Amino acid sequence: MSLVIGLTGGIASGKSTVSNMLKEMSITVIDADVEARLAVMKGEPAYKKIIAEFGEGILLENGEIDRQKLGAIIFHQADKRKRLNEITHPEVRRRMLEQVEIAKRNNEEVVVLDIPLLFESKLTAMVEKTLLVYVDIDIQLQRLVERNNLTITDAEARISSQMPLSEKIKLADAVINNNGTLEETKQQLFTVLDKWGLKQK
């Protein structure tokens, strides 16, 4: 029986870093962001619904959705963000659950669902354990500004569009504090996996 872990965090919290550490341990990681991109590719059901909702002005010349244009709309308008989520989330869930079933059939000991909005979207029913990558707000802001070349205002808007990490701590089964070094983060990950009875490869 596979243990299904939900990995989450906030934007620029270092969740991808932990995700990569898990992959290096030969653990299957199913990434919600990747599945979300695939779910809105040209011709997919969600693609058609998004154009019907937001108009053709969000398309690139090749007909694909311009994620930056769409992002600029939804980051500043909660109602539009909610509508986009209503369109895409069911498709993303379906795609991820299909892959979980494959992992279970392959008798994998553990499978990780990398879901940024695990708590906001109330997706915890998809997983058995939740693992949060936490970082202090000032470090999160600094990393996001540097990583995405954003203004402080834009970075704050993106962070405030998500549930605060301080709230997520109360909901998570385990927390990795990612304020420190990569090695400290990795040791915390090993400790959590040990606690959950998982053998490290």
Side-chain angles (χ1 to χ4, degrees), residues 1-19 22 27-41 44-50 52-54 65 67 70-71 73-104 108 110-135 137 140 144 156-178 189 192-193 195-196 198:
M1 195 63 193
S2 307
L3 176 68
V4 183
I5 297 173
L7 174 67
T8 194
I11 191 165
S13 67
K15 179 180 58 59
S16 298
T17 301
V18 173
S19 176
L22 289 160
I27 290 172
T28 296
V29 178
I30 303 166
D31 188 328
D33 283 345
V34 170
E35 296 307 317
R37 278 195 283 278
L38 294 172
V40 299
M41 295 294 276
E44 293 288 330
Y47 170 89
K48 293 165 186 164
K49 290 178 187 171
I50 290 167
E53 181 72 30
F54 293 90
I65 290 168
R67 293 173 63 82
L70 188 56
I73 295 168
I74 65 163
F75 274 123
H76 297 286
Q77 297 182 57
D79 58 327
K80 295 284 189 189
R81 185 163 65 247
K82 181 170 178 285
R83 183 67 193 112
L84 181 66
N85 289 343
E86 286 168 356
I87 294 169
T88 57
H89 284 179
E91 277 297 303
V92 175
R93 276 198 298 274
R94 180 186 63 76
R95 296 175 70 95
M96 293 184 85
L97 288 171
E98 277 178 6
Q99 292 179 63
V100 169
E101 286 311 309
I102 291 167
K104 285 182 174 176
E108 293 182 30
V110 59
V111 57
V112 175
L113 303 189
D114 181 340
I115 308 178
L117 302 178
L118 180 68
F119 298 123
E120 291 94 330
S121 303
K122 298 178 172 58
L123 297 178
T124 51
M126 290 175 64
V127 303
E128 292 153 86
K129 295 282 188 186
T130 55
L131 176 58
L132 172 70
V133 183
Y134 172 85
V135 69
I137 183 71
Q140 185 182 18
L144 183 56
E156 285 174 340
R158 278 163 168 71
I159 290 171
S160 66
S161 75
Q162 299 180 349
M163 184 191 297
L165 288 173
S166 55
E167 288 293 309
K168 293 185 181 185
I169 282 179
K170 301 168 193 168
L171 303 171
D173 292 316
V175 177
I176 289 176
N177 184 314
N178 193 36
L189 176 59
V192 170
L193 295 178
K195 187 177 78 172
W196 289 342
L198 298 168

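Predicted, not measured: the structure shown is a model, and the values here were computed from it. Scope of the values below: all heavy atoms of this structure, side chains included, with no hydrogens, waters or symmetry mates.
Here CD1 of Ile27 is found 6.5 Å from CD1 of Ile5. Values are rounded to the nearest 0.5 Å. Summarising the geometry, atom NZ belonging to Lys129 is positioned 7.5 Å from atom NZ belonging to Lys195; distances are rounded to the nearest 0.5 Å. Atom CD1 of residue Ile30 and atom CD of residue Gln99 lie 4.5 Å apart, to the nearest 0.5 angstrom. Distance check: Arg158 CZ to His76 NE2 gives 6.5 Å after rounding to the nearest 0.5 Å. Atom NZ in Lys15 sits 11.5 Å away from atom CG in Asn178 (nearest 0.5 Å).
Lys82 places none of its side-chain heavy atoms less than 4.5 Å from the side chain of Asp79. Inter-residue side-chain proximity for Leu117 and Leu123 is flagged as unmet; no heavy-atom pair is nearer than 4.5 Å. Residues Leu193 and Leu22 are in side-chain contact: their nearest non-hydrogen atoms beyond the backbone lie under 4.5 Å apart. Counting only heavy atoms from C-beta outward, the side chains of Val18 and Leu7 approach each other to under 4.5 Å. Side-chain contact between Phe54 and Ile65: absent, with no pair of heavy atoms (C-beta onward) separated by less than 4.5 Å. Contact of the Ile87 side chain with the Arg83 side chain is registered, since non-hydrogen atoms from C-beta on lie closer than 4.5 Å. Counting only heavy atoms from C-beta outward, the side chains of Thr130 and Phe119 approach each other to under 4.5 Å. With a 4.5 Å cut-off on side-chain heavy atoms, Thr124 and Leu118 count as touching.
The heavy-atom pair separating Leu132 from Ala172 by the smallest distance is CB-CB, 3.7 Å. Between Ser166 and Tyr134 the shortest heavy-atom distance is N-CE1, 4.2 Å. Closest approach of Asn85 to Pro90, counting heavy atoms only: O-CD, 4.0 Å. Scanning all heavy atoms of the two residues, the minimum distance from Ile115 to Thr8 falls at O-OG1, 2.8 Å. When every heavy atom of Arg81 is checked against every heavy atom of Ile74, the shortest pair comes out as NH1-O, 2.8 Å. Glu91 and Ala39 make their closest contact through CB-CB, 4.1 Å (heavy atoms, listed as atom of the first residue, atom of the second, distance).
At distances below 3.5 Å, at least one donor-acceptor pair connects side-chain atoms of Gln140 with backbone N or O atoms of Ile11. Between the side chain of Ser13 and the backbone N or O of Val135 there is no donor-acceptor pair closer than 3.5 Å. Not a single donor-acceptor pair under 3.5 Å links the side chain of Asp114 to the backbone N or O of Ala32. Glu128 contributes a side-chain N or O that, together with a main-chain N or O of Val4, makes up a donor-acceptor pair within less than 3.5 Å. Between the side chain of Ser160 and the main chain of Ala157, a donor-acceptor pair closer than 3.5 Å is present.
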CA sep, side-chain torsions, deciding dist, call: Met163, Leu171, side chain to side chain contact (heavy atoms under 4.5 Å, CB included) = CA-CA 11 Å; Met163 184 191 297; Leu171 303 171; 4.0 Å; yes
Give the C-alpha distance, both sets of side-chain angles, the deciding distance and a yes or no for side chain to side chain contact (heavy atoms under 4.5 Å, CB included) between Leu189 and Leu131.
-> CA-CA 9 Å; Leu189 176 59; Leu131 176 58; 4.0 Å; yes
Step by step, work out the side chain to side chain contact (heavy atoms under 4.5 Å, CB included) result for Asp173 and Trp196.
-> CA-CA 10 Å; Asp173 292 316; Trp196 289 342; 3.9 Å; yes
May I have the step-by-step check of side chain to side chain contact (heavy atoms under 4.5 Å, CB included) for Lys104 and Val100, ending in yes or no?
-> CA-CA 6 Å; Lys104 285 182 174 176; Val100 169; 3.8 Å; yes
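Annotation: salt bridge (Lys or Arg N to Asp or Glu O under 4.0 Å) contacts involving residues 159-168, sequence neighbours excluded, comprise Glu120-Lys168, Glu167-Lys170. Within the structure, the salt bridge (Lys or Arg N to Asp or Glu O under 4.0 Å) test picks out the following pairs touching residues 29-40 (sequence neighbours left out): Glu35-Arg95.
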